Amino acid sequence: MKMKIERVELHQIELPLVHPFETSFGRESTRTCILVAVHAGGLTGWGECTAEVGPWYSYETVETAWHVLGDFLIPFVLGQEITSPADVVARFRRVRGHPMARAGLESGVWDLLAQAQGVSLAELLGGQKACPEHGQRDRVKVGVSVGIEPTLNELLDQVAQYVDEGYGRVKLKIKPGWDVDVVRAVRERWPDLPVQVDANSAYTLDDAPVLRELDQFNLLLIEQPLHHDDIVDHAKLQAQLRTPLCLDESIHSPEHARWALDIAACRVINIKVGRVGGLTAARQIHDLCAERGVPVWCGGMLETNVGRAANVAMATLPNFSLPGDISASARYYPEGKDIAAPNFVLNDDSTLSVPAAPGLGVRVVPERLAAARLRHLARE
Ligand code: NPQ
Ligand code: MG
């Protein structure tokens, strides 16, 4: 099916978080992002660009993504006939870097094409084909990412709340001075809870002795302890640890995933649609890891329901064998604020249900979008 891209809109929005989120690189109490609307043939596909206001998690910002989308990526697709996401990926190949900007528009095209074909995004991504013996997953395993708190007691209260809500896997954010004691306290109170940690690049190889101490706590994995672009030091560290290392920030593309696996820099990969430049690249990394027997899981960027729906669809692919950072909508935004509906709700088995409706399976609510919007651009 051919679709001519007639119009593309950018919406910069800001939403309040239900609880401030602190990592080794800072504390946030609101989330700003860009939503991309792709119009063709009477349909609108939606994509989320996960760049933040500041260059903390990655070098991209809302401002750089706005610029790259508006001045380069949108003109590459406007007026063009598209038959598959591969057409968009091919047109974006000239652009170096800026994966979150590319992913915002590319994932909107995936939603558009899924709607045009009358299939869910999960189905278009090929979960079913990739996993003939199990068929399409209708639920995906999820966990919750718990930020750094002012005190250990507040952290334990947060974890207790999430465990009570039914989360079956918890990720603790760590940094130097907020690591071994915190993990020990959580382990003592919840001896059998699946727990993993994420340092967001707060350590160096000199900290290997501290990171080795984490081996005693039976963690699922240790995520991105070292430099945000490194794989060499991670390979040296992995050789000294029993716990699997998982790379997040360092994996920018399928090539980076192959390089990391070739030198044994990690035993697990966190896949984020934005960080790797779109759903096409995300699926390629998934397939590569499946071939190599390396488990993957879906990372989170405090998405709205638009980005969350794309994450849920992606996590139906068979090698997403660890729970994702895809929590229920209520973990992120106050009731009635998220710009898309319906909300994702946690099931009893620590899963989210995969929408069966065409495309993402969530609808953008115009009044909520208008209420959250800071800036708007339309190109045709
Ligand atoms: C991670 N996310 O896995 C990230 C990074 C992260 C859910 O742990 C504002 C916007 C603040 C995006 C903080 C989780 C953020 C952000 C952290 C992403 O490393
Ligand atoms: Mg991470």
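Atoms within a ligand are numbered from 1 in the order they appear, just like the ligands themselves. None of the values given here were measured: they were computed from a predicted structure.
Contact annotation: Glu249 places no N, O or S atom under 2.8 Å from the Mg ion (ligand 2). Taking 2.8 Å as the criterion, Asp325 does not count as a coordinating residue of the Mg ion (ligand 2), since none of its N, O or S atoms falls below it.
Of all the heavy atoms of Trp56, none lies under 4.0 Å from any atom of ligand 1, so neither backbone nor side chain is involved. Only the side chain of Asn200 comes within contact range of ligand 1, with a heavy atom under 4.0 Å; no backbone atom does.
Taking the ring pair (Phe, Tyr, Trp, His ring centres under 6.0 Å) definition, one finds that His39 meets it with nothing, sequence neighbours left out.
Counting just the N/O/S atoms of Asp248, the one with the shortest distance to the Mg ion (ligand 2) is named OD2. Looking at Asp198, its N, O or S atom nearest to the Mg ion (ligand 2) turns out to be OD2. Taking the N/O/S atoms of Glu223 in turn, the shortest distance to the Mg ion (ligand 2) belongs to OE2.
Evaluated by nearest non-hydrogen atom to atom 1 (C) of ligand 1, the leading choice among Glu303, Lys272, Glu223 is Lys272.
A ring-centre distance under 6.0 Å is found for His11 and Trp46.
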Report, one line per pair, each donor and acceptor closer than 3.5 Å where one atom sits in a side chain of residues 88-97; sequence neighbours left out.
unit_1 : atom_1 : unit_2 : atom_2 : d
Arg91  : NE     : Gln80  : OE1    : 3.2
Arg91  : NH1    : Asp87  : O      : 3.4
Arg91  : NH2    : Gln80  : OE1    : 2.8

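Residues Ser329 and Asp338 bring no donor and acceptor atom of their side chains to less than 3.5 Å of each other. Side-chain N/O atoms of Gln158 and Glu154 include no donor and acceptor closer than 3.5 Å. In the model, Glu291 has no side-chain atom that pairs as donor or acceptor with a side-chain atom of His286 under 3.5 Å.
The pair Lys4-Glu6 does not count as a salt bridge, with every side-chain nitrogen at least 4.0 angstrom from each carboxylate oxygen.
Residue contacts with ligand 1: Glu28 is placed with no nitrogen or oxygen under 3.5 Å of a nitrogen or oxygen of the ligand (distance criterion only).
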